[in-house]
Number of protein chains: 2
Amino acid sequence: MKSHDVVMAWFTDELASGRLQVGDQLPSERALAERLGLSRNTLREALRVLEVLGAIESSTGSGPRAGTFVTASHGPAISTVFRLQMATRQVTPEDVFRVRLALETQAAAQASPERGDWEGAAALLTRMDDPSLPVAEFLRLDAEFHVLCSRAAGNTLLSVLMDALRLVIADHTLERAAALTDWKAVVAGLQREHRALLDALREGRGADAAAHLERHIRGYYGITAEAGAV
Amino acid sequence: MKSHDVVMAWFTDELASGRLQVGDQLPSERALAERLGLSRNTLREALRVLEVLGAIESSTGSGPRAGTFVTASHGPAISTVFRLQMATRQVTPEDVFRVRLALETQAAAQASPERGDWEGAAALLTRMDDPSLPVAEFLRLDAEFHVLCSRAAGNTLLSVLMDALRLVIADHTLERAAALTDWKAVVAGLQREHRALLDALREGRGADAAAHLERHIRGYYGITAEAGAV
DNA sequence: AGGACCAGCGTGGTCCGACCACGCCCGCGC
DNA sequence: GCGCGGGCGTGGTCGGACCACGCTGGTCCT
């Protein structure tokens with residue numbers, strides 16, 4: 001067993017037994033290294049992994065806010081893995097697009113009208129109506145709107161994946177949008193579809209929402225493809 | 001900028017520029033540390049992260065097979081993140097099940113008859129016919145069969161996610177199956193469905209395959225749920 | 001001359017001890 | 001009583017050292 005696995009096993013065991021929960025503070029690196037029978041350097045390698053994986057967070061200094069704490073922000077970690085996969089040419093934006101479509105339609109089909117933050121979603125759409133909004137900002141809000149809608153499915157894994165995928169293709173999406181000639185007309189169409197989707201979701205018409213979503217995403221993908229974007 | 005990010009930036013840049021490709025060997029830790037202006041300990045923290053993320057692989061010793069090499073096996077990494085999420089009670093097996101269903105039906109709908117390894121899939125099914133096969137082994141082959149089918153979609157990201165999800169719920173699936181009373185009858189039904197799915201896939205009936213798949217997965221999930229499994 | 005063997009060397013893996021920057025906390029001094 | 005500054009513990013980084021491993025080339029025996 002690698003030393004690294006010792007730390008990972010200890011950590012997951014502490015979590016499973018409930019001795020450690022999200023928000024709790026870990027022992028100091030020096031203390032933990034001694035307890036696990038490792039050197040501080042080796043322990044730190046494992047802790048750094050857990051940090052990148054979004055399982056812990058560290059701050060320097062002293063006092064109640066200093067030290068290492070258990071967190072649960074795994075989204076960026078998944079995003080990092082996906083990014084690496086794209087860097088090694090293993091995954092294409094097309095792949096990401098397809099997976100996103102599958103996940104989001106599934107989320108819409110399972111969405112519960114009570115669980116969604118529809119006021120927040122509507123507020124986002126209002127902000128996106130502003131014609132002076134830069135393209136990048138519109139796309140950011142657009143992605144946020146979609147993630148918010150997918151959260152109504154009550155599936156944490158689905159939300160995390162959606163968020164990770166959004167981050168991965170953010171740059172690519174921006175490039176595509178930049179190639180469009182009549183951006184304002186496209187925005188108007190997108191906003192119409194957004195509102196139809198939102199209405200379907202808050203009224204519990206899941207299948208309807210999924211259909212709207214599929215048209216919405218495929219449509220935008222087609223428009224940007226025609227515009228000669230990469 | 002954190003030292004850790006220096007290494008990550010260097011690595012992704014090398015990949016993006018093509019100076020580093022999958023299969024290539026990295027400089028030795030001592031040399032790389034000096035080149036990046038870091039201590040070997042700090043560098044190793046970053047390398048360990050890349051290793052867990054499935055981007056590199058290290059072997060001790062000397063010669064052409066020793067050293068650190070660029071790889072692209074990110075599946076286990078994603079699986080690790082998901083496992084951590086389940087450990088922190090952020091994600092439930094139900095969540096994983098739903099996402100898997102969405103991904104797999106999408107994969108079936110996009111599957112291309114030419115791209116699949118149908119002989120390999122059929123061989124798997126034949127092995128799964130063996131009545132003396134332990135439950136755990138059957139489930140392992142079953143998961144392998146599903147991953148193999150999903151690969152026909154030609155979407156690396158989808159395949160990787162499928163594989164990661166399979167690893168995450170492997171234990172949970174085994175528990176569910178153990179609660180069944182008439183395992184042999186269930187196997188017979190599953191195998192019938194597998195063959196119908198395989199036929200639909202190799203004949204290019206994507207929508208048909210997706211429908212088969214949905215019934216197949218939902219059906220098994222329902223049976224094990226009735227059996228009182230967790 | 002050919003083959004078996006072994007020491008050397010470079011690799012990653014681990015450990016130690018040290019120093020730094022930071023930020024709360026307590027006690028000193030006003 | 002109040003303000004302030006040093007103490008101390010935190011993570012962050014560094015340099016050096018030793019280990020186990022496994023190829024590699026040379027030596028030595030046949």
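Residue numbering restarts at 1 for every chain, and letters A, B, ... go by the order of the sequence lines. The model shown is predicted, which means the values in this text are computed figures rather than measured ones.
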Once you round to the nearest 0.5 Å, how far does [atom1] of [X] lie from [atom2] of [Y]?
| X | Y | atom1 | atom2 | answer |
| --- | --- | --- | --- | --- |
| A:Arg44 | A:Leu38 | CZ | CG | 14.0 Å |
| B:Leu161 | B:Phe82 | CG | CZ | 5.5 Å |
| B:Ile78 | B:Leu53 | CD1 | CG | 9.0 Å |

Whole angstroms only, please: what is the [atom1]-[atom2] distance between [X] and [N]?
| X | N | atom1 | atom2 | value |
| --- | --- | --- | --- | --- |
| B:Asn41 | D:dA17 | CG | C1' | 11 Å |
| A:Glu29 | D:dC8 | CD | P | 21 Å |
| B:Leu36 | D:dT13 | CG | C1' | 15 Å |
| B:Leu43 | D:dG15 | CG | P | 12 Å |
| B:Leu38 | D:dG12 | CG | C1' | 12 Å |
| B:Glu34 | D:dG16 | CD | C1' | 14 Å |

Just list the side-chain donor-acceptor pairs under 3.5 Å for residues 96-109 of chain B, sequence neighbours left out, or say none.
unit_1	atom_1	unit_2	atom_2	d
B:Arg98	NH1	B:Glu94	OE2	3.1
B:Arg98	NH2	B:Glu94	OE2	3.3
B:Arg100	NE	B:Glu104	OE1	3.0
B:Arg100	NH2	B:Glu104	OE1	3.4
B:Glu104	OE2	B:His146	ND1	2.3
B:Thr105	OG1	B:Leu101	O	2.9
B:Thr105	OG1	B:Ala102	O	3.1

Does D:dT24 have OP1 or OP2 under 4.0 Å away from a side-chain N or O of B:Ser62? no
Short side-chain N/O contact to D:dC14 OP1/OP2 from B:Arg44, under 4.0 Å: no
Contact boundaries of DNA chain C with chain B (under 4.0 Å, heavy atoms), 5' to 3'? C:dG10 to C:dC16
Does A:Gly61 reach a base, just sugar-phosphate, or nothing at all? Heavy atoms under 4.0 Å. base
For a quick test of reading the model, state the closest non-hydrogen atom pair linking A:Ala152 to A:Trp118 and the distance between them. CB-CH2, 3.5 Å
Taking the basic N atoms (NZ, or NE/NH1/NH2) and the acidic carboxylate oxygens, is any pair closer than 4.0 Å for B:Glu144 and B:Arg140? yes
Taking B:Asp24 first and then B:Arg19, would you say they form a salt bridge - that is, a charged N and a carboxylate O separated by under 4.0 Å? no
B:Arg48 and B:Glu45: CA distance, side-chain angles, deciding distance, salt bridge (charged side-chain N to carboxylate O under 4.0 Å, His left out) verdict: CA-CA 5 Å; B:Arg48 179 72 79 183; B:Glu45 287 183 13; over 6 Å; no
Compute whether any side-chain donor of one residue and acceptor of the other, for A:Glu175 and A:His172, lie under 3.5 angstrom apart. no
Using rotation axes that map the C1' atoms of four end pairs onto the next four (five pairs an end), what angle separates the end axes of the helix from C:dA1-D:dT30 to C:dC30-D:dG1, to 10°? 30°
Starting at the 5' end of DNA chain C, which residue's closest nucleotide do you reach first, A:Gly63 or A:Glu45? A:Glu45
Map A:Arg40 and A:Ala66 onto DNA chain C by nearest heavy atom, then report which one ends up closer to the 5' terminus. A:Arg40
